[in-house]
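To start, the structure itself, in C-alpha cells.
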Protein chains: 2
Amino acid sequence: MATLKDVAREAGLSVGTVSRVLNNRGYISEETRQRVSAAMEQLHYQPNAMARSLSKRSSSMIGVIVPSISHPYFAKVLSCLESAAHEENYQLLLFCSQGKVSREEEYVRVCSSNRVAGLVLCSGSVKTGKLRNFGFPVVAFERHLNEADAGVECNNYEGGELAARELIRAGCRKLMCISGIGEVSMPADVRREGFLDVCRTHPEVEVQEFFCSPEHLEDLNYFPELKRFLDEDPDADGIFAGSDMIGIQLMSELGRRGRRVPQDVRIVGYDDVNLAQMTNPQLTTIRQPVEEMARECIRIIVKAAGGQSIPSRTMFPVSLERRGSTELADCIIK
Amino acid sequence: MATLKDVAREAGLSVGTVSRVLNNRGYISEETRQRVSAAMEQLHYQPNAMARSLSKRSSSMIGVIVPSISHPYFAKVLSCLESAAHEENYQLLLFCSQGKVSREEEYVRVCSSNRVAGLVLCSGSVKTGKLRNFGFPVVAFERHLNEADAGVECNNYEGGELAARELIRAGCRKLMCISGIGEVSMPADVRREGFLDVCRTHPEVEVQEFFCSPEHLEDLNYFPELKRFLDEDPDADGIFAGSDMIGIQLMSELGRRGRRVPQDVRIVGYDDVNLAQMTNPQLTTIRQPVEEMARECIRIIVKAAGGQSIPSRTMFPVSLERRGSTELADCIIK
DNA sequence: TTATATGTGTTAAGCGATTGACACAAAATG
DNA sequence: CATTTTGTGTCAATCGCTTAACACATATAA
C-alpha cells in the first residue's frame with residue numbers, strides 16, 4: 001500500500017508538507033492542497049491509522065462492552081452509539097461480555113491495549129480499582145458508576161412511578177412487579193422502588209414482587225420464570241415488566257393461558273425497543289431516550305480526548321408510551 | 001503507560017528478550033519467563049497493539065459492516081461473529097451502513113486505514129473494483145459475491161422449498177409469498193424461486209407475490225406495506241414471509257383483523273431469530289445456521305491472515321423449525 | 001524600508017513495538 | 001575435549017506517521 005512518502009514523491013512535495021495538509025496545520029496554499037489530493041487519488045492512498053495512533057498516542061476507536069448483542073435493548077444502544085460515533089469520526093470496537101466479569105476484565109485490557117479514546121460500559125461492573133488510570137475515560141451506560149469516570153443514565157425512579165400510575169389509572173388493583181435483574185444496585189432496582197413507592201400511596205392496590213435472574217440477558221428466554229410467576233399469582237390485573245422483553249413474553253404466555261390483554265390484565269414494559277410496537281396488542285412502555293444517551297456517551301469521550309473535563313453523571317428523563325396493552329381504545333386504531 | 005522498555009528494565013533483561021517472551025520466539029528459560037511476567041504484572045503493562053500492528057503490518061481487528069444493528073437478524077449475526085472472533089483472539093470493528101452505498105464505501109476505506117485482518121460484509125454490495133486489492137480478504141455474508149474474495153451463505157433455494165412444502169402439507173391452497181427485498185440478485189430472490197418452483201408442481205395451489213422495499217431493514221416497520229398486501233389479498237390461507245420480522249408483524253396485523261393463526265391462516269418465517277419463539281403462537285420458520293456461518297467467516301479471515309488460501313464460496317444447509325404458526329398441535333404445548 | 005504574515009522544504013527525533021544479525025556465554029552432547 | 005544446543009544481550013533497522021526546529025523564500029502591510 002502507498003505511504004505518505006509515496007504521496008509526497010508523486011506530488012513533488014516533502015513528507016512534512018503532505019502531513020501538514022492531512023492534519024491541517026500551518027500554512028498551505030490551495031495549489032498544494034490540490035496536488036496532494038490528486039496524488040492521494042492517484043495512488044489510492046489510505047493513511048495508516050495504526051501509525052497515526054502510535055504517533056498521537058491515542059486512536060479514534062471507542063470500545064463498547066455490552067452483556068449481549070442480540071438483546072434488542074442493547075442492539076438499540078449499540079446502533080445509537082455507532083451512529084453517534086460515526087458523526088464524530090470515531091469507530092466502535094465491539095465486545096460482548098455475556099455477563100461474565102472475567103470477559104469484561106479481559107475486554108477492558110484489550111481496549112487498553114488498543115489505546116481506545118474511551119470505553120462505554122453497558123455491562124456489569126468491573127470492581128474496584130480495575131478501571132481507573134487506564135489513560136482513557138470509562139463511561140457507564142445505565143449502570144452504577146463504581147469505578148467509571150462518568151455515568152449516563154435515565155431517571156429510572158420516575159420510570160417506575162410512571163408505570164405504577166398508568167396501571168392504577170387504568171383501574172388495576174392487583175399488581176405484579178417483575179424486576180429484570182435481581183442483583184442489588186442495578187437500574188432495575190430503582191425502577192422497582194419508584195413503582196412500589198407510588199403503590200404505597202394507594203392503599204386500595206396490592207402488589208406482589210418477582211425477580212428474574214440476570215443470566216437471561218443473553219438467552220432472552222424468560223418463559224420458565226414467567227410461567228412460575230403466573231402460576232403463583234394467576235389473577236393479577238396489572239403487571240409492570242422490568243423490560244420490554246419480559247413484557248412481550250408475558251403477553252405471549254398470557255395469550256396461551258387465555259387471558260386477554262388489556263381486557264383481563266394490563267401490561268407496562270420498559271425501554272421501548274422497537275419490538276414493543278410489533279406485538280398485538282402493542283406494548284405500553286417506559287421509553288428511554290437511548291439516542292440522546294448514546295450521543296452523550298460519545299460526546300463525553302470526545303470531550304475527554306480534547307482534554308476537556310467531563311460531567312461525572314448525566315441523567316435523562318423517561319416518558320410513558322401508552323399503547324394497546326394498557327388502553328383498550330389504543331388497540332383498535334393503530 | 002508502561003512500555004516494553006520499562007518492562008525490560010524492571011525485569012533486568014533486554015528489550016529483545018522480553019519481546020521474545022511475548023512472541024514466543026527462540027529459546028527462553030522458565031526463569032526469564034517468570035521475571036518478565038512478574039515485571040509486566042508490576043507495571044500493569046499492556047502491549048501497545050498499535051505499535052505491534054504497525055510492525056506486523058496487520059492488526060487483529062476484523063471489520064464488520066451490517067445494514068442495521070437493531071434488526072434482530074443482524075444482531076444475531078453480529079453476536080455470533082463476536083463470539084467466533086473472540087475465540088480466535090480477534091476484535092470486531094463495527095460499522096452500520098444503514099443500507100447506504102456511500103457509507104459502505106466510506107467504511108471499507110476506514111477498514112483499510114485500520115489495516116484490518118479482514119472484512120465481513122453483511123451489507124449491500126460495493127460495486128466493481130471497489131473491493132479488490134485492499135490487502136485484506138472481504139467475506140460476503142449472505143450476499144452475492146460481486147467483488148468479495150469469499151462468500152458464506154446458506155441454501156436459500158432449499159429454504160424456499162421447505163417453506164412451500166410446509167404450507168402445502170398443512171393444507172393451504174391460497175398462498176402469499178412476501179419477499180423481504182425487492183432488488184435483484186439478493187438471497188431473498190433465491191428463496192422466492194425455491195418457493196415458487198415447489199408451488200408450480202402443485203396445480204391446486206395458487207400464489208400471489210408481494211415485495212417489501214429494502215429500506216425497512218433499518219426502521220423494521222413493515223406494517224404499512226403488509227396492510228396493503230392483506231387488503232389486496234384478504235383471504236390467503238398460507239403466507240411465506242421473507243423474514244421473521246415480516247412474519248411477526250404479519251401475525252400481529254392478522255390478529256388485529258381477527259384472523260386466527262394457524263386456524264385461518266398459516267405463516268412461515270425465515271431466519272429463526274430468537275423472537276420467533278416469543279410470539280403467540282410461536283413462528284414456524286426456516287432456520288439458518290448463523291453460528292456456523294459466522295464461525296466460517298472468521299475462520300476464513302484467520303486462514304487468509306496465515307497466508308493460506310481460502311474457499312471462494314461456502315454454503316450451509318437450512319432447516320425447517322415447525323412451530324405453532326403452521327401446526328395447531330404445536331400451539332398447545334410449548 | 002522594515003516588519004510581519006504566508007508558504008514550503010529539510011532534517012531529525014519519537015511513537016512502541018518486531019525482527020534479524022551477531023556475539024557470547026553456559027550447559028548438554030558426542 | 002570438541003561440538004552442538006540453549007539462553008541472553010547488543011545493536012540497528014523498520015513499520016508509517018507526527019511534530020518541532022530551522023531555513024528560506026515571497027507577499028503584504030505599516
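Residue numbering restarts at 1 for every chain, and letters A, B, ... go by the order of the sequence lines.
Between A:T32 and the phosphate of C:dT8, there is a side-chain N or O to OP1/OP2 separation shorter than 4.0 Å. For C:dG9, the OP1/OP2 oxygens have a side-chain nitrogen or oxygen of A:T17 closer than 4.0 Å. In terms of phosphate contacts, A:N23 brings a side-chain nitrogen or oxygen within less than 4.0 Å of OP1 or OP2 of D:dT18.
Residue B:S14 has its side chain nearest to D:dG9 when only D:dC17, C:dT18, D:dG9 are considered. Of the candidate nucleotides D:dC17, D:dT10, C:dG9, D:dT10 has the atom nearest to the side chain of B:R20. Of the candidates D:dC15, C:dT19, C:dG9, C:dT19 carries the atom nearest the B:R25 side chain, counting heavy atoms from C-beta on.
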For A:N23 and A:R52, run side chain to side chain contact (heavy atoms under 4.5 Å, CB included): C-alpha distance rounded to whole Å, both residues' side-chain angles, the deciding distance at 0.1 Å, then the answer. CA-CA 11 Å; A:N23 296 282; A:R52 171 174 281 165; 4.0 Å; yes
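Taking 3.5 Å as the limit, the base of D:dG16 and the side chain of B:R57 contain no donor-acceptor pair of atoms between them. For A:S55 against C:dG14, a side-chain N or O and a base N or O form a donor-acceptor pair under 3.5 Å.
One interatomic measurement links the two molecules: CG of A:D6 to P of D:dC15, which rounds to 11 Å at whole-angstrom precision. In this structure, CE of B:M40 is placed 14 Å from C1' of C:dA17, rounded to the nearest angstrom. As rounded to whole Å, 17 Å separates atom C1' of C:dG14 from atom CE of B:M50. Rounding to whole angstrom units, OH of residue B:Y27 and C1' of D:dT4 are separated by 10 Å.
For the 3.5 Å distance criterion, the side chains of A:S112 and B:Q46 fail to qualify, holding no donor opposite an acceptor. With hydrogens and angles left out, the side-chain atoms of A:Y73 and A:Q288 include a donor and acceptor closer than 3.5 Å.
Heavy atoms of A:T3 sit under 4.0 angstrom from primed sugar atoms or phosphate atoms, though from no base atom.
Between B:E296 and B:R299 a salt bridge is recorded (basic side-chain N to carboxylate O distance below 4.0 Å).
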